[in-house]
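Below you'll find the structure, written out as structure tokens, and then a few comments.
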Amino acid sequence: MSARILDGKALAARIRAGIRDEVAAGVAAGRPRPGLATVLVGDDPASHIYVRNKRRACEEVGFTNFHFELPAATERAELLARIAELNRDPAVHGILVQLPLPAAIDEQEVLLAVDPAKDADGFHPRNQGALLQGAAGLRPCTPRGVMALIDETGIELRGRRAVVVGRSNIVGKPVALMLLERHATVTICHSRTADLAAEVAAADVVVAAVGVAKLIQGDWIRPGAVVIDVGMNRDEAGRLCGDVDYAAAAERAGWITPVPGGVGPMTIAMLLRNTLDAAWSGYQP
Ligand code: NDP
């Protein structure tokens with residue numbers, strides 16, 4: 001058996017095109033043009049690339065982008081004051097503070113300072129709490145992208161066994177809660193899981209969010225399973241690869257996401273979706 005490929009690049013492009021049409025129609029009908037503020041502190045080269053891609057995506061769908069670049073030595077108070085200003089600005093509907101922040105700044109304090117109604121990344125504890133309680137809120141982007149990819153397969157999640165490998169606050173835990181919300185029977189695995197192979201082998205849906213190249217072996221995969229690989233790692237040859245041994249897993253899986261071109265492009269599409277929701281849904285946590 002050879003898996004069908006879940007093409008995140010194509011799905012993300014469709015989602016972005018849909019958002020662009022919605023924005024054009026909504027703005028023509030008098031709705032406010034969605035605005036996303038991007039805040040970049042310091043000179044981490046990867047962060048610069050991520051933010052540039054996010055800004056470009058924003059402009060392509062017709063959002064306004066407000067961009068702020070602050071030096072690595074920025075004082076905590078100055079960053080908090082900037083965020084407070086963005087919280088008050090009615091033209092700004094979403095605020096994205098690119099992580100990681102310089103070591104001297106407390107990330108948690110900064111995330112808490114963002115108005116939960118403008119929390120485009122869905123990282124504020126109020127939004128994470130809303131997810132935990134099954135209430136309306138802005139969901140984190142990568143997990144939202146994972147769910148959209150699973151939905152592409154057309155499988156009914158209700159009653160299925162889902163295994164999430166990884167329990168971070170930004171991927172593993174929220175994905176697990178979103179699968180639970182959809183009535184899957186969810187197992188969360190992590191570095192202390194006793195028999196990862198056995199857990200994965202029982203899964204109808206596997207979501208790998210670990211950060212270890214090819215940790216998930218192909219022969220662990222249950223025949224026909226849906227495999228979503230969030231990992232972004234480098235293999236021995238320096239090529240980008242996921243947490244799943246793709247070639248071997250694709251022999252057994254029913255559906256699988258490639259790396260690159262799977263979950264990665266979905267994250268930005270969902271950042272745009274969150275910003276649009278924040279602008280127009282009237283969500284007030
Ligand atoms: P974290 O490092 O925060 O979390 C990794 C998780 O994996 C932890 O819960 C850890 O367990 C678990 N883990 C580590 N080693 C093992 C192991 N040997 N067996 C089982 N579990 C293990 O990572 P993130 O959640 O932030 O990211 C995960 C991956 O996803 C990374 O490769 C990252 O680059 C990628 N990523 C991709 C995105 C995208 O847009 N495509 C977005 C965000 C992340 P424990 O808790 O016990 O330490």
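Atoms within a ligand are numbered from 1 in the order they appear, just like the ligands themselves. Bear in mind that the values here come from a model prediction, so they are computed numbers and not experimental data. Residue numbers count from 1 along this sequence.
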- prompt: At a 4.0 Å cut-off, with the gap strictly under it, does some heavy atom of Gly172 reach an atom of ligand 1?
  reply: no

task: Look at atom 3 (O) of ligand 1 and find which of Gly8, Ser168, Gly145 reaches it with the closest heavy atom.
output: Ser168

query: Quick one: do the Gln128 and Lys173 side chains pair a donor with an acceptor below 3.5 Å?
result: no

statement: Checking heavy-atom distances from atom 15 (N) of ligand 1 to each of Val210, Thr142, Leu196, the winner is Val210

query: For Asp243, is at least one N or O under 3.5 Å away from an N or O on ligand 1?
result: no

query: So is Val171 polar-close to ligand 1, meaning N/O to N/O under 3.5 Å?
result: no

query: Between His93 and Thr275, does any side-chain donor sit less than 3.5 Å from a side-chain acceptor?
result: no

- line: A student checking ligand 1 against Gly166 at a 4.0 Å heavy-atom cut-off should list atoms 6 (C), 7 (O), 9 (O)

message: Just to be sure I read this right, does ligand 1 sit under 4.0 Å from the backbone of Val230, its side chain, both, or neither, counting only heavy atoms?
response: both

message: As an exercise, identify every atom of ligand 1 less than 4.0 angstrom from a heavy atom of Asn233.
response: 32 (O)

field: Numbering as shown, the atoms of ligand 1 that approach Ile170 to under 4.0 Å (heavy-atom distance)
entry: 26 (O)

- request: For Asn274 and Arg144, test the side chains for any donor-to-acceptor distance below 3.5 angstrom and give the result as yes or no.
  value: yes

message: Measuring from atom 46 (O) of ligand 1, which candidate in Met232, His190, Arg167 has the nearest non-hydrogen atom?
response: Arg167

- request: State the NE2-CD1 distance between His124 and Ile95, to the nearest 0.5 angstrom.
  value: 10.5 Å

statement: Heavy-atom proximity to atom 19 (N) of ligand 1, picking from Leu215, Ile188, Val259, points to Leu215

- prompt: By number and element, which atoms of ligand 1 are closer than 4.0 Å to a non-hydrogen atom of Gly211?
  reply: 29 (C), 31 (C), 32 (O)

statement: Heavy-atom closest pair (Val259 atom, Gly231 atom, distance to 0.1 Å) is CG1-O, 3.6 Å

message: Nearest non-hydrogen contact with atom 28 (C) of ligand 1 belongs to which option: Cys141, Cys189, Ala209?
response: Ala209

